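One structure below.
Just so we're clear, the structure is a prediction, and the values are computed from it rather than from any experiment.
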Amino acid sequence: MPEELVIDTCVLQKANAPISGDVRERSLLARRVRLLRAIRDRHAVALYSRKLLHEYNQHVRSPRNDFVRAFFALLADPDRSLLNWAKWQNADQELACGKCRYPPEDLHVLRTAIRPTASAIVTEEARMLLADKCIYRFFRVHIKTV
């Protein structure tokens, strides 16, 4: 079963670079592109919400490479993406932000990632990454980098 991933907007934004020629295999851009390629090739499923899609559209107004264009196109494909928005209680928010120190401005990313089975958020934001163990313990969502 493919891994279910939420791509944080900062990753998509940074993957939206013009690509001309070869990209160094170990570069951050190459890792971001491999992530988008894994979703395109059905090795992973993109989880998204209406709020996250709105944020993507606000921060990535014009795709600059084929991988970002393909990512936006596959959000309409139910085999490669899944619209998800977890039910939420005030106690969940307090747990995430208070106990786990998850950034409150990114709660919509966490809500998008919460599923009956384990899933992951892919980000480059240090504050989110630091909350990984605690968030996984309570919500079964890993937070990892590209």
Q: Kindly determine whether Tyr48 and Tyr56 satisfy ring pair (Phe, Tyr, Trp, His ring centres under 6.0 Å), including the steps that lead there.
A: CA-CA 10 Å; Tyr48 73 100; Tyr56 289 161; 8.1 Å; no

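- Neither Tyr136 nor Ile121 shares a network with the other; the hydrophobic side chains, linked directly or stepwise wherever heavy atoms of I, L, V, M, F, W or Y lie under 4.5 Å apart, form separate groups for each.
- Taking each heavy atom of Ala17 and Asn65 in turn, the nearest pair found is O-ND2, 2.8 Å.
- Side-chain contact between Val141 and Tyr102 is absent, with no heavy-atom pair separated by less than 4.5 Å.
- Taking each heavy atom of Val11 and Arg32 in turn, the nearest pair found is O-CD, 3.8 Å.
- Heavy atoms only, all atoms of each residue included: Ala15 and Val68 are closest at O-CG2, 3.7 Å.
- In this structure, Arg42 and Asp77 approach most closely via the heavy-atom pair NH2-OD2, 3.8 Å.
- Judged by the 6.0 Å distance and 45° axis criteria, Arg69 is not positioned over the aromatic ring of Phe71.
- Side-chain contact between Glu4 and Asn84 is absent, with no heavy atoms from C-beta onward closer than 4.5 Å.
- Each of Glu3, Glu124, Glu125 was scored for a salt bridge (Lys or Arg N to Asp or Glu O under 4.0 Å) with Lys144, with one residue passing: Glu3.
- Of the inter-residue distances, the one linking Leu130 atom CG with Arg101 atom CZ reads 10.5 Å to the nearest 0.5 angstrom.
- Taking OG from Ser119 and CD1 from Ile143, the interatomic distance works out to 10.0 Å, rounded to the nearest 0.5 Å.
- From Asn16, atom CG reaches atom CZ of Arg61 across 12.5 Å, with rounding to the nearest 0.5 Å.
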Q.
One pair to check against side-chain contact (heavy atoms from CB on, under 4.5 Å): Ile114 and Lys87. What are the steps and the verdict?
A. CA-CA 9 Å; Ile114 296 173; Lys87 298 215 182 280; over 6 Å; no

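- Taking 4.5 Å as the limit, every side-chain heavy atom of Arg111 sits out of range of all side-chain heavy atoms of Lys51.
- Between the CG atom of Leu52 and the OG1 atom of Thr9 there is a distance of 5.0 Å, given to the nearest 0.5 Å.
- Residues Ile7 and Ile39 are in side-chain contact: their nearest non-hydrogen atoms beyond the backbone lie under 4.5 Å apart.
- Distance check, rounded to the nearest 0.5 Å: CH2 of Trp85 to CG of Leu47 gives 12.5 Å.
- Shown here for Leu29 and Lys14, the closest heavy-atom pair between the two residues is CD1-O, 3.9 Å.
- Taking a 6.0 Å sphere around CG of Asn90, one finds it holds 12 or fewer heavy atoms contributed by other residues, nucleotides or ligands.
- Ser81 places a side-chain N or O within donor-acceptor distance of the main-chain N or O of Leu74, the cut-off being under 3.5 Å.
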Q | side-chain contact (heavy atoms from CB on, under 4.5 Å) between Leu5 and Leu35, intermediate numbers included | A | CA-CA 10 Å; Leu5 303 173; Leu35 173 67; 3.6 Å; yes

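- Within 6.0 Å of the CD atom in Gln58, the count of heavy atoms belonging to other residues, nucleotides or ligands exceeds 12.
- By the 4.5 Å heavy-atom criterion applied to side chains, Asp106 and Thr123 are not counted as neighbours.
- At a threshold of 4.5 Å between non-hydrogen side-chain atoms, the residues Arg31 and Arg34 count as touching.
- Between Val60 and Phe72, the shortest heavy-atom contact is CG1-CE1, 3.8 Å.
- In this structure, the separation between OG on Ser62 and CG on Asn57 is 11.5 Å, given to the nearest 0.5 Å.
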(Q) Checking Arg140 against Thr117 for the side-chain contact (heavy atoms from CB on, under 4.5 Å) test, could you report, in this order, the C-alpha distance in whole Å, the side-chain angles of both residues, the deciding distance, and whether it holds? (A) CA-CA 7 Å; Arg140 289 295 176 240; Thr117 57; over 6 Å; no

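- Between Leu12 and His59, every side-chain heavy-atom pair lies at or beyond the 4.5 Å cut-off.
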